[in-house]
Amino acid sequence: MGLRKGGVDLSLFVDNLTNSRDLLSRGHDAVGGSLYYEQSYRPRTIGLTLQYRQ
């Protein structure tokens, strides 16, 4: 969501709005390896950007 007026551009953004933690993948380091990992969405992130252009 954003607003642009004159040279000012203001934007609000949200990544992963619902804070989903669904499992995307699962794996391990190598054949016979003992390191296992799981990958999911990154946590909810909320941010604001402001730009000014002449």
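Atom set for the values below is all heavy atoms of this structure, side chains included, hydrogens, waters and symmetry mates excluded.
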**Asked** If Ile, Leu, Val, Met, Phe, Trp and Tyr residues are connected whenever their side-chain heavy atoms lie under 4.5 Å apart, and connections chain through other members, are I46 and L48 in the same group?
**Response**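 Cluster IDs for I46 and L48 match.
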**Message:** With clusters defined by side-chain heavy atoms of hydrophobic residues (ILVMFWY) lying less than 4.5 Å apart, directly or transitively, does L23 cluster with L35?
**Reply:**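 No, it is not one cluster - the side chains of L35 and L23 are not joined through contacts under 4.5 Å.
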**Item:** Contact summary for V8 and Y52, nearest pair of heavy atoms
**Value:**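 Scanning both residues completely, I find the closest heavy atoms to be CG2-CD1, 3.7 Å.
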**Request:** Inspect the surroundings of OH in Y41 and state if more than 12 heavy atoms from other residues, nucleotides or ligands are less than 6.0 Å away.
**Result:**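 12 or below, so no.
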Which distance, rounded to the nearest 0.5 Å, do you find between the [atom1] of [X] and the [atom2] of [Y]?
X: Q39; Y: L24; atom1: CD; atom2: CG; result: 6.0 Å
X: Y37; Y: R26; atom1: OH; atom2: CZ; result: 11.5 Å
X: L50; Y: L12; atom1: CG; atom2: CG; result: 12.5 Å

Within the distance-only criterion (no hydrogens, no angle test), does the side chain of [X] pair as donor or acceptor with the backbone N or O of [Y] below 3.5 angstrom?
X: T45; Y: P43; answer: yes
X: D15; Y: R44; answer: no
X: D9; Y: Q51; answer: no

**Prompt:** Would you say L10 and T49 make side-chain contact, with heavy atoms under 4.5 Å?
**Reply:**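 No, every pair of side-chain atoms sits at 4.5 Å or beyond.
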